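Fair warning: this is a prediction, and the values are worked out from it, not measured in the lab.
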Amino acid sequence: QFIPSSPLVLRKQESSKMPVLSEERKKELAATANAIVAPGKGILAADESTGTIGKRLATIGLENTEDNRRQYRQLLFTADKEVAKYLSGVILFHETFFQKADDGTPFVKLLQDQGIIPG
């Protein structure tokens, strides 16, 4: 469990220009960290670069286009809702933050609506 007073929390030091986190921000970060490490859940690494995902697509005879990459990710993020029981977070590639499902819903929102933390 993440504890807000742990050394991981930024503290302003005399020799440092780092800002002090507000109590509200500390609580928010602690809640996010605890959600990510929830018992029985894991993190999906879906941050494949365009080159890496292109190799995956090539194995099934698909061209490495933005839409094919989007459709592949859509398949992952719209899988059976049961997946949310086992995923706490998903690591996304930069391109993915701006992609949407066929119905126009941003992938980030699809994940958040299932209680999965995108990042």
Which distance, rounded to the nearest 0.5 Å, do you find between the CZ of F77 and the OG1 of T96?
->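 Rounded to the nearest 0.5 Å, the CZ-OG1 separation comes out at 5.5 Å.
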Separation between CG of L21 and CD of E28, rounded to the nearest 0.5 Å =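 Rounded to the nearest 0.5 Å, the CG-CD separation comes to 10.0 Å.
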For D80, which residues count as a salt bridge (Lys or Arg N to Asp or Glu O under 4.0 Å) partner, sequence neighbours excluded?
->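 D80 satisfies salt bridge (Lys or Arg N to Asp or Glu O under 4.0 Å) with no other residue.
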Partner residues of R73 under the salt bridge (Lys or Arg N to Asp or Glu O under 4.0 Å) criterion, sequence neighbours left out =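 Testing R73 for salt bridge (Lys or Arg N to Asp or Glu O under 4.0 Å), a comparison that skips the adjacent residues, returns E95.
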Those residues that, when tested against S22, pass side chain to side chain contact (heavy atoms under 4.5 Å, CB included) (two or more places apart) =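 Scan of S22 (side chain to side chain contact (heavy atoms under 4.5 Å, CB included), adjacent residues dropped) gives E24, R25.
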Side chain to side chain contact (heavy atoms under 4.5 Å, CB included) with E63: which residues, sequence neighbours excluded?
->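 Residues passing side chain to side chain contact (heavy atoms under 4.5 Å, CB included) with E63: T65, N68.
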F98: partners by ring-ring contact (aromatic ring centres under 6.0 Å, His included), with sequence neighbours left out =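 Per chain and number, F98 pairs via ring-ring contact (aromatic ring centres under 6.0 Å, His included) with H94.
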Would you sort out whether E66 and Q99 count as a side chain to side chain donor-acceptor pair (under 3.5 Å), showing the intermediate values?
-> CA-CA 9 Å; E66 191 276 334; Q99 291 179 322; 2.8 Å; yes
Pairs satisfying ring-ring contact (aromatic ring centres under 6.0 Å, His included), at least one member in residues 32-69, at least two apart =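 The answer is none; no pair qualifies.
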Can you tell me which residue pairs pass the ring-ring contact (aromatic ring centres under 6.0 Å, His included) test with a partner in residues 29-74, sequence neighbours excluded?
->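 The answer is none; no pair qualifies.
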Please list every donor-acceptor pair under 3.5 Å in which a side-chain atom of residues 104-111 meets a protein atom from a residue at least two apart or in another chain.
{"residue": "T105", "atom": "OG1", "partner": "D103", "partner atom": "OD1", "Å": "2.8"}
{"residue": "T105", "atom": "OG1", "partner": "D103", "partner atom": "OD2", "Å": "3.4"}
{"residue": "K109", "atom": "NZ", "partner": "D113", "partner atom": "OD1", "Å": "3.1"}
{"residue": "K109", "atom": "NZ", "partner": "D113", "partner atom": "OD2", "Å": "2.8"}

Linked hydrophobic residues, F93 as query - side chain contacts closer than 4.5 Å |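 ILVMFWY cluster around F93 holds nothing else.
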Name every donor-acceptor pair, under 3.5 Å, that has one atom in a side chain of residues 36-48 and the other anywhere in the protein, sequence neighbours excluded.
{"residue": "K41", "atom": "NZ", "partner": "A84", "partner atom": "O", "Å": "3.2"}
{"residue": "E48", "atom": "OE2", "partner": "R56", "partner atom": "NE", "Å": "2.9"}
{"residue": "E48", "atom": "OE2", "partner": "R56", "partner atom": "NH2", "Å": "2.6"}

Closest approach of D102 to R70 (non-hydrogen atoms, all atoms of both residues) |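 It is OD1-NH2, 2.8 Å.
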Shortest non-hydrogen separation from A35 to S88 and the atoms involved |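 Of all heavy-atom pairs spanning A35 and S88, the closest is O-CB, 3.2 Å.
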Report the residues that fulfil side-chain hydrogen bond (donor to acceptor under 3.5 Å, both in side chains) with T50, sequence neighbours left out, ordered by chain and then residue number.
->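 Residues passing side-chain hydrogen bond (donor to acceptor under 3.5 Å, both in side chains) with T50: none at all.
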Any residue meeting side-chain hydrogen bond (donor to acceptor under 3.5 Å, both in side chains) with K85, in chain and number order, not counting sequence neighbours |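 K85 satisfies side-chain hydrogen bond (donor to acceptor under 3.5 Å, both in side chains) with E82 once adjacent residues are dropped.
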Output yes when a side-chain donor or acceptor of R69 lies under 3.5 Å from a complementary backbone atom of G54, and no otherwise.
->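 Judged by distance alone, no pair lies under 3.5 Å.
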Determine, step by step, whether I117 and V90 satisfy the side-chain contact (heavy atoms from CB on, under 4.5 Å) criterion, reporting the C-alpha distance in whole Å, the side-chain angles of both residues, the deciding distance to 0.1 Å, and the verdict.
-> CA-CA 6 Å; I117 301 166; V90 177; over 6 Å; no
Check whether I53 and I91 end up in the same hydrophobic cluster, where Ile, Leu, Val, Met, Phe, Trp and Tyr are linked by side-chain heavy atoms less than 4.5 Å apart.
->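 No, because I53 and I91 fall into different hydrophobic clusters, even though each may have its own neighbours under 4.5 Å.
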Shared hydrophobic cluster for L76 and V83 (ILVMFWY, side-chain gaps under 4.5 Å) |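 Shared cluster, yes.
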